[in-house]
Peer 1: 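What follows is a structure written as structure tokens; I'll ask about it next.
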Amino acid sequence: AVVSTQSTGIEKLIHLVPEVCYMTGLTDNMRKDFKVMQDLAQYTRQKPDDRNKALLGFRQTIQESDKAVQLLDQWGLDLTSSIIDLEGRQVPQPTLLTKDGKMPVDANKAAFDNITRKNFVITSADIQNDYCVIVTQRDVTNAQEFMETASKVGPACGIQIGPRGKVVPIRSDRAEEYINAIRSEAANAKIIVCIVPNDKKDRYDAIKKHCCIDQPIPSQVLQGKNLAPKKKMSVVTKVVMQMNAKMGGELWSVHIPMKKVMYVGIDTYHDSGSSRSVGGVVASMNDSCTRYYSKTTWQPSKQELISQLDVVMTDILRQYKEKNGCLPERILIFRDGVGDGQLLAVKEQELKNIKDAISRQSQDKSIELVFTVVTKRIQQRFFLKQGPRLNNPPPGTIVDSTVTRDELFDFFLVPQGVGQGTVTPTHYNVLEFSTTLKPDHLQQIAYKLCFMYYNWTGAIRVPAICQYAHKLAFLVGQSLHRDPSPDLADLLYYL
């Protein structure tokens, strides 16, 4: 291995003996071992009281070390004797919009798990029996069970799917067999379902590459073991909901009073198979934030900043105008995947490119713009004081004072409720706020958008539009390694 010393920067070669070296981190097998992860959770998911005790214990250890105290003095640092007291506030819980009207959200969990027991789907994709299930010959019974279960849970939720999709048995589980079956059957199907025996990456990549590039059609890959009797109903319910979303159906929405607003999510992913990074951009195309348009762009490897955002934004604005007859009055952009050290570069490059694209397309019309960087990996934790005890703050908690920066408009949002451990907030840095909206409005919108991710019946850690952009960039960077077909751009095929 080649190492360099910090002081001199001189590189030198060192030799490591494999027999006395130990790998760090967790292997895939360890992650799949429920007992190992359960034991590990005792240390990684500490309750607020336990975490506070650990922090105070760490401080005590430092104070008892003369060398540590001396070093902190040299750096001009001082550790407080206790955690900081500050004030937060809670934004109202969003109202969920379904086929039958409005539905409340569980305020403690920020979830709506019971939605699947109702006929809730706003718009169903017309699946009927026009779907194809490709499966190995020894797993044909799995295909029959999937179709029977789908025809029960789908209509109960409001999704039009029948029990007589076409089953295509193949001889082996090789990727070529699945692709040949897709090639011959896709013309007669609206969506392809592949039931596979395990999670082999090369087979999954080949199926997705064919369905997203060579022969554009929404696809669903499902492991046969997930159709075991104990979890069959819940798994098939989620799969049918995914199929509906991938085909353009609308599952649910949240009540946001503003009209003519376009929400945009941006994220980057470093391509595992080449020396490039892929940027995913997803934009909402309607007021209810249930229809989307997506684009991908490429840049040199490990580069987080997207250099072609002006081209992408121009295309997105054209699509919005084509679908709505006018340009949006407001654009709210949520940028994921950049650290605090890159905020200035994002402002000078990406934000500038976006403004250029907007000014070219809008001409005389003034469009309000909000550009926010969303950060998940942060060290800050917040506790709620309840008597002598510390608990997690409730979902929807906003902190925008004391621990935020004076020179920036930033805030922390606790979007989720957790059953164990300490909840992790999400940090929002607002780099552009050219709008008549108030900061409180942006904070409420950010929270509401966390409920719009169709793969989860509850709030996620970031606005759904960000997670869609991540899913798009991840699929392209991990499996496709090329731009997907534009025929799929209006669909959530990357879910």
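What you see is a predicted model; the values in this text were computed from it and never measured.
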Peer 1: Walk me through whether Thr372 and Asn429 qualify under side-chain contact (heavy atoms from CB on, under 4.5 Å).
Peer 2: CA-CA 5 Å; Thr372 308; Asn429 274 297; 5.8 Å; no
Peer 1: Would you mind checking if Asp310 and Lys355 are paired as a salt bridge, meaning a charged N to carboxylate O distance below 4.0 Å?
Peer 2: no
Peer 1: Output all residues satisfying side-chain hydrogen bond (donor to acceptor under 3.5 Å, both in side chains) with Thr296, sequence neighbours left out; order by chain, then residue number.
Peer 2: Asp483
Peer 1: So Asn391 and Asp49, side-chain contact (heavy atoms from CB on, under 4.5 Å) or not? Walk me through it.
Peer 2: CA-CA 7 Å; Asn391 287 313; Asp49 268 328; 5.6 Å; no
Peer 1: Answer with yes or no after comparing the ring centroid distance for Phe334 and Tyr263 against a 6.0 Å cut-off, counting only values under it.
Peer 2: no
Peer 1: Between CD of Gln46 and OH of Tyr43, what distance do you get to the nearest 0.5 Å?
Peer 2: 10.0 Å
Peer 1: To the nearest 0.5 Å, what is the distance between NZ (Lys448) and NE2 (His255)?
Peer 2: 6.0 Å
Peer 1: Do the side chain of Lys246 and the main chain of Ser219 share a donor and acceptor less than 3.5 angstrom apart?
Peer 2: yes
Peer 1: Any sub-3.5 Å donor-acceptor pair from Asp410's side-chain atoms to Arg405's backbone N or O?
Peer 2: yes
Peer 1: Nearest 0.5 Å, please: how far is NE2 in His427 from CD in Gln379?
Peer 2: 13.0 Å
Peer 1: Under 6.0 Å between ring centres: does that hold for Phe433 and Phe409?
Peer 2: yes
Peer 1: Using only heavy-atom distances, determine whether the side chains of Gln443 and Tyr428 contain a donor-acceptor pair under 3.5 Å.
Peer 2: no
Peer 1: Output yes when a side-chain donor or acceptor of Asp106 lies under 3.5 Å from a complementary backbone atom of Phe112, and no otherwise.
Peer 2: no
Peer 1: Do Arg335 and Val338 come within less than 4.5 Å of each other through their side chains, counting heavy atoms only?
Peer 2: yes
Peer 1: Is it true that Gln242 and Asn455 share a donor-acceptor pair across their side chains at a distance under 3.5 Å?
Peer 2: yes
Peer 1: Would you say Ser307 and Gln349 are linked by a side-chain donor-acceptor pair, where the criterion is simply a distance under 3.5 Å?
Peer 2: no
Peer 1: Ignoring hydrogens, what is the shortest heavy-atom contact between Leu56 and Ser82? Give both atom names and the distance.
Peer 2: CD2-CA, 4.1 Å
Peer 1: Are Pro328 and Val261 packed together at the side-chain level, in the sense that at least one heavy-atom pair is separated by less than 4.5 angstrom?
Peer 2: no
Peer 1: Hey, is CG on Asp66 packed in by over 12 heavy atoms from elsewhere, all under 6.0 Å?
Peer 2: no
Peer 1: Between Arg89 and Asp440, is the closest basic N to carboxylate O distance under 4.0 Å?
Peer 2: yes
Peer 1: If you look at every heavy atom in Thr268 and Gly337, which pair is closest and at what distance?
Peer 2: OG1-O, 4.1 Å
Peer 1: Between His270 and Glu304, is there a side-chain donor-acceptor contact under 3.5 Å, judged purely by atom types and distance?
Peer 2: yes
Peer 1: For the backbone of Asp487 and the side chain of Ser485, can you confirm whether one donor and one acceptor N or O come within less than 3.5 Å of each other?
Peer 2: yes
Peer 1: What pairs with Thr297 under side-chain hydrogen bond (donor to acceptor under 3.5 Å, both in side chains), at least two apart in sequence or on another chain?
Peer 2: Gln308
Peer 1: Does Asn198 reach the side chain of Arg203, with side-chain heavy atoms less than 4.5 Å apart?
Peer 2: yes
Peer 1: If you compare all heavy atoms of Val278 against all heavy atoms of Ala473, which two are closest, and at what distance to 0.1 Å?
Peer 2: CG1-O, 3.2 Å
Peer 1: Give the minimum heavy-atom separation between Leu472 and Val282, together with the two atoms involved.
Peer 2: CD2-CG2, 4.0 Å
Peer 1: Which value, rounded to the nearest 0.5 Å, describes the distance between Asn244 atom CG and Leu492 atom CG?
Peer 2: 10.5 Å
Peer 1: So which heavy atom on Gly88 is nearest to which on Val399, and how close?
Peer 2: CA-CG2, 4.4 Å
Peer 1: Would you please test Tyr292 and Met285 for side-chain contact (heavy atoms from CB on, under 4.5 Å) and show each step?
Peer 2: CA-CA 5 Å; Tyr292 301 91; Met285 291 286 122; 5.7 Å; no
Peer 1: When rounded to the nearest 0.5 angstrom, what distance separates NZ in Lys352 from NZ in Lys347?
Peer 2: 14.0 Å
Peer 1: So that I can tick it off, tell me whether Asp205 and Lys209 are bridged by a salt bridge, with the cut-off set at under 4.0 angstrom between side-chain N and carboxylate O.
Peer 2: no
Peer 1: Got a salt bridge between Arg45 and Asp50, using NZ or NE/NH1/NH2 to carboxylate O under 4.0 Å?
Peer 2: no
Peer 1: Counting N and O atoms only, with roles assigned by atom type, does the side chain of Thr397 sit under 3.5 Å from a partner on the main chain of Pro394, one being a donor and the other an acceptor?
Peer 2: yes
Peer 1: So, using side-chain hydrogen bond (donor to acceptor under 3.5 Å, both in side chains) as the criterion, who are the partners of Thr314 when residues are at least two apart?
Peer 2: Arg360
Peer 1: Using modelled atom types and a 3.5 Å cut-off, is there a donor and acceptor pairing between side-chain atoms of His441 and backbone atoms of Lys438?
Peer 2: yes
Peer 1: Please give me the minimum heavy-atom distance between Ala357 and Met313, naming the atom from each residue.
Peer 2: CB-CB, 3.7 Å
Peer 1: If we only count heavy atoms from C-beta on, is the Ile333 to Ile266 side-chain gap below 4.5 Å?
Peer 2: yes
Peer 1: Check whether more than 12 heavy atoms from other residues, nucleotides or ligands sit under 6.0 Å from atom CD of Gln380, and answer yes or no.
Peer 2: yes
Peer 1: Under 4.0 Å between a side-chain nitrogen and a carboxylate oxygen: does that hold for Lys376 and Asp336?
Peer 2: yes
Peer 1: Does the side chain of Leu72 reach to within under 4.5 Å of the side chain of Leu79, using non-hydrogen atoms?
Peer 2: yes
Peer 1: Can a side-chain donor-acceptor contact be found between Ser288 and Asn286 if the only test is distance below 3.5 angstrom?
Peer 2: yes
Peer 1: Examine distances only and state if a side-chain atom of Arg330 and a backbone atom of Ile367 form a donor-acceptor pair shorter than 3.5 Å.
Peer 2: no
Peer 1: I'd like to know if the side chain of Glu368 and the backbone of Ile331 have a donor-acceptor N/O pair within less than 3.5 Å.
Peer 2: no
Peer 1: Between OH of Tyr447 and CD of Gln90, what distance do you get to the nearest 0.5 Å?
Peer 2: 7.0 Å
Peer 1: Side chains of Arg51 and Thr422: any donor to acceptor distance under 3.5 Å?
Peer 2: yes
Peer 1: More than 12 foreign heavy atoms under 6.0 Å from NZ of Lys323: is that the case here?
Peer 2: yes
Peer 1: Within the side chain of Glu87, is there an N or O that forms a donor-acceptor pair under 3.5 Å with the backbone of Ser401?
Peer 2: no
Peer 1: Answer whether the closest heavy-atom distance between the side chains of Ser65 and Thr61 falls below 4.5 Å.
Peer 2: no
Peer 1: Heavy-atom distance under 4.5 Å between the side chains of Met262 and Leu332, does that happen here?
Peer 2: no
Peer 1: Is the shortest side-chain heavy-atom distance between Tyr493 and Cys212 below 4.5 Å?
Peer 2: yes
Peer 1: May I ask you to check whether over 12 heavy atoms, not counting those of Leu77, lie within 6.0 Å of atom CG?
Peer 2: yes
Peer 1: Are any of the side-chain nitrogens in Asp315 or Lys295 under 4.0 Å away from the carboxylate oxygens of its partner?
Peer 2: yes
Peer 1: Over 60° means perpendicular and under 30° means parallel, so classify the ring planes of Tyr468 and Tyr494, tilted if in between.
Peer 2: perpendicular
Peer 1: For Gln361, is there any backbone N or O sitting under 3.5 Å from a side-chain donor or acceptor partner on Arg318?
Peer 2: no
Peer 1: Start with the C-alpha distance between Asp267 and Lys471, add both sets of side-chain angles, then the distance that settles salt bridge (Lys or Arg N to Asp or Glu O under 4.0 Å), and finish with yes or no.
Peer 2: CA-CA 9 Å; Asp267 199 4; Lys471 291 286 284 188; over 6 Å; no
Peer 1: Suppose we call two aromatic rings close when their centres sit under 6.0 Å apart. Are Trp252 and Tyr454 close by that rule?
Peer 2: yes
